[in-house]
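Comments concern the structure below.
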Amino acid sequence: MKARRLPGVLALLTAGAVALTGCGAAPAGAAYQAIPAAAGALAEPPPAAVTVTAPGKKLKLGAKGKAVVWMQKRLRELGYRPGRIDGRYGGTTLAAVWAFQKVNGITPTSTIGAVTWRALERPRLPKVLAANGRKTRAEVNLTSQIMTLYVDGELKLISHMSSGSGVPYCETTVWQGKEQRFCGSATTPTGTFKTTWRRDGWHKSYLGELYNPIFFNGGIAFHGALSVPLHPASHGCVRLPMNVAEELPGLLGTGVPVHVRGKFRR
């Protein structure tokens, strides 16, 4: 099933309530387990030793033109996912900008100014959470709200994300033919897990719908959502921008370690 086009920038900029796009329930017989990190440190690749010069033009959300194209191309080559290279600074590109700014110690903002341009010229790498982890692994940084994916030792993907809100919830919904009430703590547990089962397209759970979910800790999954704000907002899953969730299943296989570390501070 193809991803739906985001209905404007508002979906990504949703700042408030926990929407019903939370986590799912593992089907009967679906197993998961925490696994130890494999031995053998993985050296991070150094940033490309290529001198680049950013346009330096101040950009605001909704901007169009060559400077936006440059930014989108640069984000893409650094491992971020700004969407189509179309010269339009919209919601999908904004999510990639947020991810880049967080990795580079910049307070996330939609405005591209001198600080962000300089960082794009000399970018930092994301913090490694599992230095002795396997060459193919996913890392979830709850502190910075960043998800990274390494494949065969190469940093393949860096994405903005939103994890569990930490706010206890109780939801009443119709599930398996009858009205039921579900309560939980809305947390994303730390630890080392591995990817298990997945679904293509929209998957209905008792807490809402998940797009292209890839489960790694019981009913906790990576999944696409129409709202991926700058703060933790899910029932415990790792929400990702829709374009990232569209691409992720082709990069992240089954049985891949997922390292979840850190703690978000409001």
Taking the side chain as every heavy atom from C-beta outward, state whether [X] and [Y] have any atom pair closer than 4.5 Å.
| X | Y | answer |
| --- | --- | --- |
| T143 | K102 | no |
| V140 | M161 | yes |
| P168 | S185 | no |
| T53 | E121 | yes |
| K194 | P257 | no |
| L248 | I214 | yes |
| F193 | V260 | yes |
| Y150 | K135 | no |

Would you please test H223 and W202 for ring pair (Phe, Tyr, Trp, His ring centres under 6.0 Å) and show each step?
CA-CA 9 Å; H223 71 84; W202 289 101; 8.5 Å; no
Residues that R76 engages under salt bridge (Lys or Arg N to Asp or Glu O under 4.0 Å), provided they are two or more places apart: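 With sequence neighbours excluded, R76 shows a salt bridge (Lys or Arg N to Asp or Glu O under 4.0 Å) to E247, given in chain and number order.
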Residues passing the side-chain contact (heavy atoms from CB on, under 4.5 Å) test with A186, sequence neighbours excluded, are S165, Y169
The single option from L75, V115, V52 that satisfies side chain to side chain contact (heavy atoms under 4.5 Å, CB included) with L120 is L75
Please give me the minimum heavy-atom distance between [X] and [Y], naming the atom from each residue.
| X | Y | result |
| --- | --- | --- |
| G164 | P232 | O-CB, 3.1 Å |
| G236 | S234 | N-OG, 2.9 Å |
| T93 | M71 | CG2-CE, 3.9 Å |
| Q72 | R84 | NE2-O, 3.4 Å |

Atom [atom1] in [X], atom [atom2] in [Y]: separation rounded to 0.5 Å?
| X | Y | atom1 | atom2 | value |
| --- | --- | --- | --- | --- |
| N212 | H203 | CG | NE2 | 11.5 Å |
| L240 | L210 | CG | CG | 11.5 Å |
| K127 | I146 | NZ | CD1 | 13.0 Å |
| S159 | R239 | OG | CZ | 13.5 Å |
| Q145 | S162 | CD | OG | 5.5 Å |
| K263 | T187 | NZ | OG1 | 11.0 Å |

Steps toward side-chain contact (heavy atoms from CB on, under 4.5 Å) verdict (L142, R261): CA-CA 6 Å; L142 299 180; R261 305 284 189 270; over 6 Å; no
### Query
Do T148 and L155 pass the side-chain contact (heavy atoms from CB on, under 4.5 Å) test, and can you show the C-alpha distance, the side-chain angles, and the key distance before you say yes or no?
CA-CA 7 Å; T148 53; L155 182 56; 4.2 Å; yes
Taking the hydrophobic residues Ile, Leu, Val, Met, Phe, Trp and Tyr, and joining any pair whose side-chain heavy atoms are under 4.5 Å apart, which ones share a cluster with F264?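 Members other than F264 - counting any ILVMFWY side chain reachable under 4.5 Å - there are none.
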In short, disulfide (SG to SG under 2.5 Å) pairs touching residues 182-228 with sequence neighbours left out are C170-C183
### Query
Taking atom types as modelled, is there a side-chain donor on E246 or Y211 under 3.5 Å from an acceptor on the other?
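Their side chains do contain a donor-acceptor pair, which is all the 3.5 Å distance test asks for.
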(request) Given side-chain contact (heavy atoms from CB on, under 4.5 Å), test H160 with V228 step by step and report yes or no. (result) CA-CA 8 Å; H160 164 62; V228 190; 3.5 Å; yes
For residues 104-111, which side-chain N or O atoms pair as donor and acceptor with protein atoms under 3.5 Å away, sequence neighbours left out?
| unit_1 | atom_1 | unit_2 | atom_2 | d |
| --- | --- | --- | --- | --- |
| N104 | OD1 | R124 | N | 2.8 |
| N104 | ND2 | F100 | O | 2.9 |
| T109 | OG1 | T111 | N | 3.2 |

Residue pairs passing the ring pair (Phe, Tyr, Trp, His ring centres under 6.0 Å) test with at least one member in residues 103-142, sequence neighbours excluded, are W70-W117
(request) Given side-chain contact (heavy atoms from CB on, under 4.5 Å), test L149 with V151 step by step and report yes or no. (result) CA-CA 7 Å; L149 176 65; V151 177; 4.0 Å; yes
_Is the ring pair F216/F222 parallel, tilted or perpendicular, if the boundaries are 30 and 60 degrees?_
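Rings of F216 and F222: tilted, as their planes differ by 30° to 60°.
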